[in-house]
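Shown next, in structure tokens, is the structure this report addresses.
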Amino acid sequence: MAAYFSGIEKINYEGPDSDNPLAFHHYNPTELVAGKPMKDHLRFGAAYWHCMRNELADPFGAGTALMPWDDGSATEQNALKRADVFFEFLEKIGIDYYCFHDRDISPECGTLTETHDMFHRVVAHFGDLQKQGGKKLLWGTACLFSHPRYAHGASTSPNADVFAYGASQVKNAIDATHALGGEGYTFWGGREGYGSLINTDMTREVDHLATFLHMAVDYAKSIGYTGQFYIEPKPREPSTHQYDSDAAACLNFLRQYDLLDHFKLNLETNHATLAGHTMEHEMEVAIGANALGSIDANRGDELLGWDTDQFPTNLYGTTNVMLRLLKMGGFTTGGLNFDAKRRRESHEPVDLFHAHIGGMDAFARGLKIAAKIIEDGRFSEFVKTRYSSFDSGMGGKIEAKQVGFQDLDEYARGIEAPQLSSGRQEHLENVLNDYL
Ligand code: XLS
Ligand code: NI
Ligand code: NI
């Protein structure tokens, strides 16, 4: 096989004292943390769309990414070659999982049938590459937002034939995910929302979205695909309002339409902040409902109000994510998929390596810090004590649902006015800083 990243060797762990920029300084895949190898905690994934298809354009300028292997054509040959490049990248960076949209890996052809036929031939090539290098598919998905036919949405389009086209695409993408042993399948509803309510029947659209997801569940069952379905919240962009706006909205939607048994959430850091939440908040909401499935690891920019999809390098962020993941008991089907792109100025192939190394090292450090925090138990002890008035006495009865307003009215009249303890937020923030 030709080497497309010539001059770049396999990235190895060299430890914190190394000054080699093409080495891991913290991510040591086989090192045990909390009884498990780092790589099994982190389950890193690479996003095909950002690595292979993102030309690094922005609304003001053309793509800058150098992709000497890509002839720019929408041909099968080019699609197959890109796959080879991508698997070389996975091998050299040491990432076991990847994710793709159908249209990332194989182009749209003249007819829908030709499109699907080429797609499945390309998928077969991915299957061979997976086998050769021991790589695995974290999740697959269908791109139901790029083509002009999806301008009004896919499953929420007012046009029933567009709904059918979207269904055909998802059917084939589920087939492909199944064939590749994909551990999950994601729905991100980029255009499943509206630009304005003036022309929108929202109730009908949301209903159609649920019908579509039920069809996907039924179809997966009919072919024996048992991977995990995910829904990925995001409030807006490209739509003004997306129906799957945040974790709580998704959970309510899934519950209302009886889909909660079939879906978990794929949370993305930058989407959380776009929704006006922290990633920690979104994780708490999802974990509280036993519905955290997977993570799209990235970060936004505090100064910019859109989905900048930057690589995660903030240790507070990675520590907070890993704290919650460890407490949850870790991923089952999910992983940390780098849904992240380089800045437009970082256009050389080697920048793909720098970017992923940075994200992997940041998560390795977050993992270690989180494991230490959990082992020491200082935060959990504090939180436990903070709620201890509910452990016994009247608080215990409240939690056991043994009392009502009548009892509490009598009780409250007979006690001293409540005395509060400090929340010690600043002290705890200082303690957290000490760990970092
Ligand atoms: C876009 C989304 C997208 C999904 C997959 O903002 O993050 O990349 O992860 O369709
Ligand atoms: Ni994403
Ligand atoms: Ni995103």
Side-chain angles (χ1 to χ4, degrees), residues 1-5 45-55 63 65 67-93 95-150 154 165-188 190 216 219-220 223-225 227 337-339 341 349 352:
M1 192 200 261
Y4 297 99
F5 298 101
Y48 197 86
W49 53 100
H50 283 311
C51 292
M52 302 315 300
R53 305 310 311 277
N54 199 323
E55 295 173 352
M67 300 192 251
W69 50 80
D70 196 315
D71 67 16
S73 69
T75 58
E76 186 165 340
Q77 200 191 2
N78 200 23
L80 296 173
K81 193 169 177 193
R82 274 191 212 113
D84 295 343
V85 178
F86 183 64
F87 277 76
E88 183 191 326
F89 172 70
L90 292 180
E91 183 52 36
K92 287 189 166 166
I93 192 73
I95 289 183
D96 291 336
Y97 289 93
Y98 71 101
C99 302
F100 68 80
H101 301 85
D102 53 358
R103 288 297 78 80
D104 303 334
I105 69 166
S106 184
E108 186 105 17
C109 304
T111 68
L112 191 56
T113 301
E114 282 164 10
T115 300
H116 291 331
D117 288 348
M118 188 191 290
F119 174 58
H120 290 298
R121 288 194 297 274
V122 173
V123 164
H125 185 55
F126 272 70
D128 293 340
L129 291 167
Q130 279 187 201
K131 258 181 238 133
Q132 283 164 28
K135 302 300 175 195
K136 289 172 276 190
L137 179 61
L138 190 65
W139 49 260
T141 186
C143 177
L144 303 184
F145 44 87
S146 290
H147 194 280
R149 82 172 67 88
Y150 297 121
Y165 249 78
S168 170
Q169 242 185 280
V170 170
K171 180 219 171 269
N172 282 273
I174 292 175
D175 287 339
T177 303
H178 186 34
L180 294 171
E183 296 185 23
Y185 184 92
T186 293
F187 287 89
W188 169 63
Y219 180 68
I223 61 166
Y225 176 61
N337 168 47
F338 289 114
D339 193 352
K341 62 179 185 227
L352 272 177

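Heavy atoms only, all atoms of each residue included: Gly182 and Tyr225 are closest at O-OH, 2.8 Å. Smallest separation of non-hydrogen atoms from Ala47 and Asn337: N-OD1, 3.7 Å. Residue Phe5 comes nearest to Glu88 through the heavy atom pair N-OE2, 2.8 Å, listed as atom of the first residue, atom of the second, then distance. When every heavy atom of Asp84 is checked against every heavy atom of Tyr4, the shortest pair comes out as CB-CE1, 4.1 Å. Across Val122 and Glu76, no two heavy atoms sit closer than the pair CG2-CG, 4.4 Å. Closest approach of Leu112 to Ser168, counting heavy atoms only: CD2-OG, 3.5 Å.
Asp96 CG to Glu91 CD: the interatomic distance, rounded to the nearest 0.5 Å, is 9.0 Å. To the nearest 0.5 Å, atoms NE2 (His125) and OG (Ser106) are separated by 12.0 Å. Between atom NZ of residue Lys341 and atom CD of residue Glu55 there is a gap of 12.5 Å, rounded to the nearest 0.5 Å. Here the SG-CG distance, from Cys99 to Asp339, works out to 8.5 Å after rounding to the nearest 0.5 Å. A distance of 8.5 Å separates CZ in Phe338 from CD1 in Ile93, rounded to the nearest 0.5 Å. To the nearest 0.5 Å, atom CD of residue Gln132 and atom CZ of residue Phe87 are 9.0 Å apart.
A salt bridge links Lys171 to Asp175: at least one charged side-chain nitrogen sits closer than 4.0 Å to a carboxylate oxygen.
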### Task
Let me see the working for Leu144 and Phe187 under side-chain contact (heavy atoms from CB on, under 4.5 Å), right down to the final yes or no.
CA-CA 9 Å; Leu144 303 184; Phe187 287 89; 5.8 Å; no
### Query
side-chain contact (heavy atoms from CB on, under 4.5 Å) between Leu352 and His50: does it pass, once the steps are laid out?
CA-CA 9 Å; Leu352 272 177; His50 283 311; over 6 Å; no
### Message
Pair Glu108, Arg149 - check side-chain contact (heavy atoms from CB on, under 4.5 Å), show working.
### Response
CA-CA 12 Å; Glu108 186 105 17; Arg149 82 172 67 88; 2.5 Å; yes
### Task
Kindly indicate, with the supporting measurements, whether the criterion side-chain contact (heavy atoms from CB on, under 4.5 Å) is fulfilled by Glu183 and Tyr97.
CA-CA 10 Å; Glu183 296 185 23; Tyr97 289 93; 3.3 Å; yes
Could you go through residues 133-143 and list every donor-acceptor pair under 3.5 Å that involves a side-chain atom there, pairing it with any protein atom two or more places apart or in another chain?
{"residue": "Lys135", "atom": "NZ", "partner": "Ile95", "partner atom": "O", "Å": "3.1"}
{"residue": "Thr141", "atom": "OG1", "partner": "Thr186", "partner atom": "O", "Å": "2.7"}

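Remark: Glu114 engages Cys109, Thr111 in a side-chain contact (heavy atoms from CB on, under 4.5 Å) (not counting sequence neighbours). Residues passing the side-chain contact (heavy atoms from CB on, under 4.5 Å) test with Tyr48, sequence neighbours excluded: Met52, Arg53, Arg82, Ala83, Phe86, Phe100, Asp104, Ile105, Phe126.
Contact check for Trp69 versus Pro349: side-chain heavy atoms found under the 4.5 Å cut-off. At a threshold of 4.5 Å between non-hydrogen side-chain atoms, the residues Ile174 and Ile223 count as touching.
Between the side chain of Asn78 and the main chain of Ser73, a donor-acceptor pair closer than 3.5 Å is present.
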